[in-house]
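This report concerns only the one structure given below.
Values in this document were obtained by computation on a predicted structure and should not be read as measured data. Only heavy atoms go into these numbers, but all of them, side chains included; no hydrogens, no water, no symmetry mates.
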Amino acid sequence: KGARGLKLHPTLQNMPLDDPKTEAAVRVFGEAGLPIVTHTGANPYYTKEKSYFPTNPMYSEASKVFEFCHKFPDFNIICAHCGGMPEQFYEAVKDLKNVYTDTTMCSAAAMRKAVELLGPEKLLFGTDVPFGSFKYSIAECEKAFADEPEIADMCFYKNIARLIHLSE
């Protein structure tokens, strides 16, 4: 019906990646050839004083996300924030061709390291708004690839355009 992908946030949705409802949604999008984005990292979003609804940061713990990626090797999966931990991410998914990451909350140095380990076709621009700054994300990506405009183009547009079928 026009959706270009599925965003999972196991922590904020308070739903583990291996829940049958989550897996059913993943199959719908994956079988349609659309990417699945998932938050990666066990971060508490709300303190007990500001708890608007129940959350479980461990649902997004990196090892659980990497296990999820291996469970669905035929679907394109984007692991948010793994550019911030590129070595751990690379080791966990290096045997998978279907897994990507993004630049959310990453420094220019982390972005360059992600490209070095994963290749420029595996990195997608991300902002993490409202938790991160849109301006920071753009500035860090421009800084990371100032001398490599083709990689910047891939990160900012070409990679996601390919995954959501806007280009080949």
Side-chain angles (χ1 to χ4, degrees), residues 1-13 17 25-26 29-30 32-47 50 52 55 57 59-62 64-66 68-69 75-94 96-168:
K1 303 242 179 198
R4 295 290 187 166
L6 174 67
K7 168 65 186 225
L8 302 173
H9 201 303
T11 297
L12 293 180
Q13 292 167 325
L17 290 167
V26 166
F29 281 82
L34 296 171
I36 295 98
V37 180
T38 184
H39 172 75
T40 307
N43 313 75
Y45 278 82
Y46 304 109
T47 63
K50 292 184 178 182
Y52 303 109
T55 64
Y59 287 161
S60 299
E61 201 274 322
K64 292 183 187 307
V65 173
F66 302 151
F68 170 79
C69 293
F75 301 159
N76 289 322
I77 299 172
I78 303 164
C79 298
H81 313 294
C82 289
M85 51 181 174
E87 291 90 350
Q88 180 186 4
F89 177 69
Y90 173 75
E91 283 303 315
V93 300
K94 66 184 174 189
L96 298 173
K97 303 259 184 251
N98 64 310
V99 180
Y100 302 79
T101 191
D102 69 19
T103 65
T104 56
M105 309 298 266
C106 296
S107 67
M111 291 178 204
R112 285 190 299 273
K113 187 66 172 179
V115 166
E116 175 189 325
L117 291 171
L118 306 167
E121 70 285 349
K122 296 285 190 154
L123 186 64
L124 308 157
F125 177 75
T127 65
D128 211 30
V129 169
F131 301 108
S133 162
F134 189 84
K135 289 179 181 180
Y136 170 82
S137 297
I138 291 171
E140 286 300 296
C141 197
E142 287 175 338
K143 183 167 116 183
F145 308 117
D147 296 331
E148 299 169 289
E150 180 57 33
I151 293 177
D153 230 20
M154 291 172 76
C155 181
F156 276 122
Y157 174 75
K158 289 181 179 178
N159 292 338
I160 192 62
R162 184 181 70 254
L163 288 177
I164 63 172
H165 310 290
L166 291 178
S167 70
E168 291 303 315

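Using modelled atom types, one side-chain atom of Q13 and one backbone atom of H9 make a donor-acceptor pair closer than 3.5 Å. Judged purely by atom type and a 3.5 angstrom limit, E140 has no side-chain atom pairing as donor or acceptor with the backbone of S107. Between the side chain of H39 and the backbone N or O of L12 there is no donor-acceptor pair closer than 3.5 Å.
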Let's go through I160 and R4 carefully: what are the C-alpha distance in whole Å and the side-chain angles of both, what is the deciding distance for side chain to side chain contact (heavy atoms under 4.5 Å, CB included) to 0.1 Å, and is it a yes or a no? CA-CA 10 Å; I160 192 62; R4 295 290 187 166; over 6 Å; no
Side chain to side chain contact (heavy atoms under 4.5 Å, CB included) evaluation trace for L6 with L34: CA-CA 8 Å; L6 174 67; L34 296 171; over 6 Å; no
Test log, rule side chain to side chain contact (heavy atoms under 4.5 Å, CB included), inputs V99 and C79: CA-CA 7 Å; V99 180; C79 298; 4.0 Å; yes
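Contacts classified as side chain to side chain donor-acceptor pair (under 3.5 Å) and involving residues 145-161 (residues at least two apart or in different chains) are given here: E150-K158, N159-R162. For the side chain to side chain donor-acceptor pair (under 3.5 Å) condition, the pairs that include at least one residue of residues 116-127, sequence neighbours left out, are K113-E116.
Residues C69 and Y100 have side chains not in contact (no heavy-atom distance under 4.5 Å, counting atoms from C-beta outward). Within the 4.5 Å cutoff, no side-chain heavy atoms of V37 are placed close to those of L124. Inter-residue side-chain proximity for I164 and P35 is flagged as met; some heavy-atom pair is nearer than 4.5 Å. Inter-residue side-chain proximity for Q88 and F66 is flagged as met; some heavy-atom pair is nearer than 4.5 Å.
Ring geometry, F156 versus F125: the interplanar angle falls from 30° to 60°, so the pair is classed tilted.
With a 6.0 Å radius and a threshold of 12 heavy atoms from other residues, nucleotides or ligands, K143 has its NZ atom at or below the threshold. Y136 OH: more than 12 foreign heavy atoms inside a 6.0 Å radius.
Of the listed residues (L118, I77, T40), just one forms a side chain to side chain contact (heavy atoms under 4.5 Å, CB included) with T101, and that residue is L118. With I78 as reference, L163 is the one residue of T38, L123, L163 to meet the side chain to side chain contact (heavy atoms under 4.5 Å, CB included) rule.
What you find for T103 and M111 is that their closest heavy atoms are CB-CE, 3.7 Å. Between F29 and G5, the closest heavy-atom pair is CE2-O, 3.3 Å.
For the side chain to side chain donor-acceptor pair (under 3.5 Å) test, residues two or more places apart in sequence or in another chain that qualify with S60 are T11.
The distance from the CZ atom of F68 to the CZ atom of F75 is 9.0 Å, given to the nearest 0.5 Å.
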